[in-house]
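Have a look at the structure below before the remarks.
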Amino acid sequence: QQQVKQSPQSLIVQKGGISIINCAYENTAFDYFPWYQQFPGKGPALLIAIRPDVSEKKEGRFTISFNKSAKQFSLHIMDSQPGDSATYFCAALTGGFKTIFGAGTRLFVKA
Amino acid sequence: GAGVSQSPRYKVAKRGQDVALRCDPISGHVSLFWYQQALGQGPEFLTYFQNEAQLDKSGLPSDRFFAERPEGSVSTLKIQRTQQEDSAVYLCASSLPPAGSYPPYNEQFFGPGTRLTVL
């Protein structure tokens, strides 16, 4: 059963544009929501994370928006660059160790 | 200043063979995790160790899958009698402290994975 649904599956954005990836979850026990970036042949790397008592978190060009009532959260990448081209995964945890990942979004930023 | 390393990076096995995948976590990291990542999908949790203790193995797909971490450092994921559906990338991750009960949880550092292909 897919507990974290991610969209879109793939995304093409012009350099300098905004990339937006959306996720929805079902389990209200989730209490931590990280985003991971994965390049081909590499393992995922933590990008940014948020707790559900916060509606927004920004780190550099990356922002998470969180809507607890709708059980949705999204990643915004401002001023997208070709080096941002990668696969992005949203995830959710409760209890600190069992991470549930979304299916991933392949982002391509055109130069 | 090594990160998490995994070996081999690629493994091809004939159906029915046993395989062993190795994970070397970051030195001193207490927590160790194994994930399975099918092509085009997100990683799926397999099992979690705190030091040498396997605290959760609920994600292991069948009794053909077995993981160990006997001395609390290096871990091995063993798959017996491999099947074609076992083909995937197997990721290992480690984090410094024990996995906590409250957020913010400790960052997991992932290795590059082992790509297993079962023919």
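Numbers restart at 1 for each chain; the letters A, B, ... are given by sequence-line order, proteins then strands.
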### Query
Which bit of B:Q37 comes within less than 4.5 Å of chain A, counting heavy atoms only: side chain, backbone, both or neither?
side chain
### Single hit among B:S75, B:C23, B:P25 for side chain to side chain contact (heavy atoms under 4.5 Å, CB included) with B:S94
B:P25
### Matching residue for A:P34 among A:L47, A:L93, A:I48 - test: side chain to side chain contact (heavy atoms under 4.5 Å, CB included)
A:L93
### Task
Under 4.5 Å, counting heavy-atom pairs only, tell me which of A:P44, A:G41, A:G43 racks up the most with chain B.
A:P44
### Task
Would you please test A:S65 and A:N67 for side-chain hydrogen bond (donor to acceptor under 3.5 Å, both in side chains) and show each step?
CA-CA 7 Å; A:S65 297; A:N67 186 330; over 6 Å; no
### Candidate pair B:F33 and B:S95, rule side chain to side chain contact (heavy atoms under 4.5 Å, CB included), full reasoning
CA-CA 9 Å; B:F33 311 80; B:S95 69; 3.9 Å; yes
#### Entry: Toward chain B, the part of A:K42 with a non-hydrogen atom under 4.5 Å
backbone
### Task
Using a 4.5 Å cut-off on heavy atoms from C-beta on, say whether the side chain of B:Q54 contacts that of B:L60.
yes
### Message
Report which part of B:Y35 has an atom under 4.5 Å of a heavy atom belonging to chain A: side chain, backbone, both, or neither.
### Response
side chain
### Message
Please classify the contact of B:R115 with chain A as side chain, backbone, both or neither, using a heavy-atom distance under 4.5 Å.
### Response
neither
### Task
Answer with side chain, backbone, both or neither: which region of A:Q9 has an atom nearer than 4.5 Å to a non-hydrogen atom of chain B?
neither
